[in-house]
Asks: 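Handing you a structure now.
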Amino acid sequence: MPVTDRTGLAALEIRNFRNLERADLTFDPGLNLITGANASGKTSLLESIYYLGRVRSFRTSVADQAIRYGQQGFRLVGRVQAPSGQPVTVGIERNAGHYTVHMGGQSVRRLSDLAGNFPVQVFSSDTASILDGGPRQRRHTLDWALFHVEQRYRDTWQRYTRALRQRNAALRAQASEGEITAWDAELLETAQAIERFRNAYLVNLSPYLQAEMERLLPGAELTLQYLRGWPAGVELGVALADSLSRDRVHGYTRHGPHRADFRLLMDGHPVAAHCSRGQQKSILLGLMLAQVCYQQAVTGTAGAFLLDDLTSELDEAHQSRVLASLRELDAQVFVTAIRSDSVNLSIWSPGRVFHVEHGSVREVV
Ligand SMILES: Nc1ncnc2c1ncn2[C@@H]1O[C@H](COP(=O)(O)OP(=O)(O)OP(=O)(O)O)[C@@H](O)[C@H]1O
Ligand SMILES: [Mg+2]
């Protein structure tokens, strides 16, 4: 097992988050199993943990949906073991349409500052739509992982989106050709850098992905096909020039890395259309685990991995492969299941088990 700095969530206070009125919990640095009947609050608990790393939900883009019915706001306070070695307290409040975020007693302005302290990855029925949903979510999956392994990516990405926004504003304002193409030099320079970072990332990720797939679905050959966001065989500058008149009609820039996407193929067939539900779950988990594994190799920290509904769609053999892969990762793991006896915990010691009932969480000892 790799030796890494133990990062993760040591403790969490929850107030008025979904159906969780109040919970004060301490977690294991290894496995935390969360059990309970349907609608007890298991996914809500995972969602609150995810919030501490990302300041957003994986279930909704409407933050106020997570406020407990009839309440003004929610509050989450977590003690995070950061890569620097010192535990830091992170507080997130949502009230009157705003977030207030604190870290180590200081107010946090750039939410991206939080992410490095507590990298968190989730797999749930909502993330499963990465396979068959629109490209935005897939792009985000790649980009989020890249932000964590390549410091320079964030700046480059910000420069690119700034130039893109300006160019789109000029397009919408029916500005002159010169005013529109004035942004192209910055756009092209940063697009090329993004392209280099993404290609390098995918090359580096590949052995991790192969290793995960070998473990989770032995014998299957998985290919990740990257689509860069403009036509093959054409330079971006040419693609931009060719589509200028169309871009003016639509009021936005149609080509560039902001339109990138990827496709997963198993034995040459598109995964979403060709694979069984269980295979799809294993494949997507394999991709996420590979990303976390590579992140761990680069940064020395795996962060937390949240896995909602381990047992759904996976037979026992595949569940134990997933658990073995998670164990290998040495990340902090939060897994939900309806019953604890359905999960084979023998490879984790000791781990903690929590039971959720009508929104109250207790540790099972
Ligand atoms: N803002 C809210 N305030 C109060 N309760 C909410 C809020 N949003 C959702 N709920 C309720 O919280 C309950 C718990 O939902 P959750 O998705 O966490 O359950 P779960 O334990 O994951 O169930 P399942 O096993 O079916 O996935 C549900 O009954 C849901 O309707
Ligand atoms: Mg659930």
Side-chain angles (χ1 to χ4, degrees), residues 9 12-25 27 31-78 92-100 120-131 133 137 277-278 280-282 284-285 288 304-316 318-319 322-323 326 332-343 345 351-364:
L9 188 59
L12 176 62
E13 272 176 43
I14 303 172
R15 298 291 180 270
N16 294 322
F17 189 90
R18 298 234 185 235
N19 71 332
L20 308 168
E21 181 182 358
R22 180 189 182 95
D24 295 273
L25 306 165
F27 296 119
L31 176 79
N32 298 275
L33 176 65
I34 298 153
T35 62
N38 287 148
S40 55
K42 303 180 297 298
T43 306
S44 304
L45 179 52
L46 287 193
E47 192 184 10
S48 70
I49 295 167
Y50 187 81
Y51 244 104
L52 276 191
R54 304 243 194 155
V55 200
R56 63 180 194 86
S57 168
F58 58 83
R59 298 168 103 181
T60 174
S61 53
V62 183
D64 288 348
Q65 269 178 21
I67 299 172
R68 192 164 166 260
Y69 301 144
Q71 299 298 311
Q72 299 298 309
F74 67 72
R75 184 157 65 92
L76 304 168
V77 181
I92 298 172
E93 267 188 66
R94 175 84 192 178
N95 218 307
H98 292 287
Y99 285 117
T100 315
V120 53
Q121 185 64 278
V122 68
F123 183 93
S124 77
S125 54
D126 303 83
T127 42
S129 64
I130 285 178
L131 283 180
Q137 221 184 335
R277 299 290 301 171
Q280 292 188 28
K281 183 163 175 173
S282 291
L284 205 45
L285 269 166
M288 290 185 162
F305 198 97
L306 318 181
L307 173 49
D308 201 14
D309 268 326
L310 166 73
T311 58
S312 75
E313 286 162 354
L314 294 182
D315 59 34
E316 264 173 47
H318 287 90
Q319 285 174 37
V322 169
L323 284 173
L326 283 168
Q332 186 181 33
V333 174
F334 295 84
V335 174
T336 73
I338 289 173
R339 287 150 43 128
S340 63
D341 58 6
S342 60
V343 181
L345 298 175
R352 290 191 190 205
V353 181
F354 300 86
H355 188 71
V356 193
E357 220 174 311
H358 304 301
S360 60
V361 190
R362 65 179 169 80
E363 189 176 345
V364 181

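Only a predicted model underlies this, so the values are computations on that prediction, with no experimental measurement involved. Atoms within a ligand are numbered from 1 in the order they appear, just like the ligands themselves.
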Asks: Could you walk me through whether Gln65 and Thr60 pass the side-chain hydrogen bond (donor to acceptor under 3.5 Å, both in side chains) test, one step at a time?
Replies: CA-CA 7 Å; Gln65 269 178 21; Thr60 174; 2.9 Å; yes
Asks: Give the residue and atom name of whichever protein heavy atom lies nearest to atom 25 (O) of ligand 1, and the separation in Å to one decimal.
Replies: Lys42 NZ, 2.7 Å
Asks: Starting at CD of Gln319, measure out to CG of Leu307 and round the result to the nearest 0.5 Å.
Replies: 9.5 Å
Asks: Just which atoms of ligand 1 are under 4.0 Å from any heavy atom in Thr43?
Replies: 17 (O), 18 (O), 20 (P), 22 (O), 27 (O)
Asks: How far is atom 26 (O) of ligand 1 from the closest protein heavy atom, and which atom is that?
Replies: Asn38 ND2, 3.1 Å
Asks: Tell me yes or no: between the side chains of Ser129 and Gln137, is some donor less than 3.5 Å from an acceptor?
Replies: yes
Asks: Heavy-atom contacts under 4.0 Å between Gln65 and ligand 1: side chain, backbone, both, or neither?
Replies: backbone
Asks: Short N/O distance, under 3.5 Å, between Asp309 and ligand 1?
Replies: no
Asks: Cation-pi check, Arg94 to Phe74: give yes when NZ or CZ is under 6.0 Å from the six-membered ring centre and within 45° of the ring axis, no otherwise.
Replies: no
Asks: Nearest to atom 30 (C) of ligand 1, what protein heavy atom do you find, and at what distance?
Replies: Tyr69 OH, 5.0 Å
Asks: Quick one: do the His318 and Ser282 side chains pair a donor with an acceptor below 3.5 Å?
Replies: no
Asks: Could you please spell out the steps behind the salt bridge (charged side-chain N to carboxylate O under 4.0 Å, His left out) verdict for Glu21 and Arg15?
Replies: CA-CA 5 Å; Glu21 181 182 358; Arg15 298 291 180 270; over 6 Å; no
Asks: For a side-chain contact (heavy atoms from CB on, under 4.5 Å) check, start with the C-alpha distance between Lys42 and His355, then their side-chain angles and the critical distance, and finish with the verdict.
Replies: CA-CA 9 Å; Lys42 303 180 297 298; His355 188 71; over 6 Å; no
Asks: Checking a contact table here: which protein heavy atom is nearest atom 15 (O) of ligand 1, and how many Å away?
Replies: Ser44 OG, 3.8 Å
Asks: Look at ligand 1 and say whether Gly36 reaches it with a heavy atom at a distance under 4.0 Å.
Replies: no
Asks: What's the verdict on salt bridge (charged side-chain N to carboxylate O under 4.0 Å, His left out) for Arg59 and Glu47, showing C-alpha distance, side-chain angles and the deciding distance?
Replies: CA-CA 8 Å; Arg59 298 168 103 181; Glu47 192 184 10; 3.1 Å; yes
Asks: In ligand 1, which numbered atoms sit nearer than 4.0 Å to a non-hydrogen atom of Arg59?
Replies: 16 (P), 17 (O)
Asks: Do Phe305 and Phe123 have their ring centres less than 6.0 Å from each other?
Replies: no
Asks: Specify whether an N/O/S atom of Ser125 falls short of 2.8 Å from the Mg ion (ligand 2).
Replies: no
Asks: Nearest protein heavy-atom contact for atom 11 (C) of ligand 1: which residue, which atom, what distance?
Replies: Asn19 CB, 4.2 Å
Asks: If you measure from atom 19 (O) of ligand 1 to every heavy atom of Ala37, Ala39, Ala66, Ser312, which option wins on shortest distance?
Replies: Ala39
Asks: Are any of the protein's heavy atoms under 4.0 angstrom from atom 9 (C) of ligand 1, yes or no?
Replies: yes
Asks: Which part of Ile67 is near ligand 1, with near meaning a heavy atom under 4.0 Å away: side chain, backbone, both or neither?
Replies: backbone
